[in-house]
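Both ligands and their constituent atoms are indexed starting at 1 by order of listing. Numbers for residues simply follow the sequence, beginning at 1.
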Amino acid sequence: MKIFIDTANLNEIKEANDMGLLDGVTTNPSLVAKEGYKDFKDLLTKICSIVKGDVSAEVLSTDCDGIVKEARELVKIADNIVIKVPLIKEGLKAVKILSSENIKTNVTLCFSPSQAVLAAKAGAYIISPFVGRLDDISYNGMELIDKITRIYSIYGFTTQVLVASVRHPMHFVEACEMGADICTMPFKVINQLVKHPLTDIGLENFLKDWNKLQNS
Ligand code: G3P
């Protein structure tokens, strides 16, 4: 299971990377806008200098030619850039072309198993089903991950399943149980994965007992 951080905040990326467990970064236009960065290429250069693994950079074009053109420019930034392409007809056409040029793609905004199959057939390097946004509309987002991982394994698709729109640690645990390849999470969720109240209480008691012994 690879762990990615879903943010455009450089401090969060540095801190998660220092924890020694970060395998990559996903960004999207909303996350970049939240941080107020206008120079997207400069931001990506900075992220790629911190993290060695895959860094997803989303295109803004919605037509095949525009997506391909943007992708060819973005991959010049660093070797670990992966092009995030929306799961629309024009996006799939672009993924086919980009994969023939060995440009890695992360097909995003996936909400159904049929979309995931088409992305894999087009040659996507990563598929990003959004689980939290499905939960938001009363559909169990993790059911989608279960279906995609099963279908991909039946046909031997090599496209990696990246669980996106993760809102809490149970999404991560279920993603692990289902054999998803990657889970991208906000910094807050990565921190929640570490925390356990019994660990904190246990540690506090160990130190208290140790100090008692020293002062006896
Ligand atoms: O990066 C895409 C995805 O993770 C966004 O999550 O919380 O905006 O649905 P969210």
Participant: Among all the protein's non-hydrogen atoms, which is closest to atom 6 (O) of ligand 1, and how far away is it?
Facilitator: Ser165 CA, 3.3 Å
Participant: Looking only at distance, does Thr26 have an N or O less than 3.5 Å from an N or O of ligand 1?
Facilitator: no
Participant: Should we say atom CG of Asp79 is surrounded by more than 12 heavy atoms from elsewhere, each under 6.0 Å from it?
Facilitator: no
Participant: Contact between Leu207 and Leu203 at the side-chain level, heavy atoms closer than 4.5 Å - yes or no?
Facilitator: yes
Participant: Over 60° means perpendicular and under 30° means parallel, so tell me whether His168 and His171 are parallel, tilted or perpendicular.
Facilitator: parallel
Participant: Tell me: protein heavy atom nearest atom 4 (O) of ligand 1, and distance?
Facilitator: Asp6 OD2, 2.5 Å
Participant: Among Thr7, Asn191, Asn17, which residue meets the side chain to side chain donor-acceptor pair (under 3.5 Å) test with Glu12?
Facilitator: Thr7
Participant: Hey, is ligand 1 close enough to Thr27 that some N/O pair sits below 3.5 Å?
Facilitator: no
Participant: Under a 4.0 angstrom heavy-atom cut-off, which atoms of ligand 1 come close to Arg167?
Facilitator: 7 (O), 9 (O), 10 (P)
Participant: For Thr27, is there any backbone N or O sitting under 3.5 Å from a side-chain donor or acceptor partner on Lys84?
Facilitator: yes
Participant: Does Lys84 come within less than 4.0 Å of ligand 1, judged by its heavy atoms?
Facilitator: yes
Participant: If I compare all heavy atoms of Pro129 with all of Leu144, which pair ends up nearest, and what's the gap?
Facilitator: CB-CD2, 3.7 Å
Participant: Give the contacting part of Lys34 toward ligand 1: side chain, backbone, both or neither, where contact means a heavy-atom distance below 4.0 Å.
Facilitator: neither
Participant: So if I count the atoms of ligand 1 from 1 in the order they appear, which ones are less than 4.0 Å from some heavy atom of Ala164?
Facilitator: 4 (O)
Participant: So do the side chains of Val166 and Asp6 get within less than 4.5 Å of each other, counting heavy atoms only?
Facilitator: no
Participant: Which ligand 1 atoms are under 4.0 Å away from a heavy-atom of Arg133?
Facilitator: 5 (C), 8 (O), 9 (O), 10 (P)
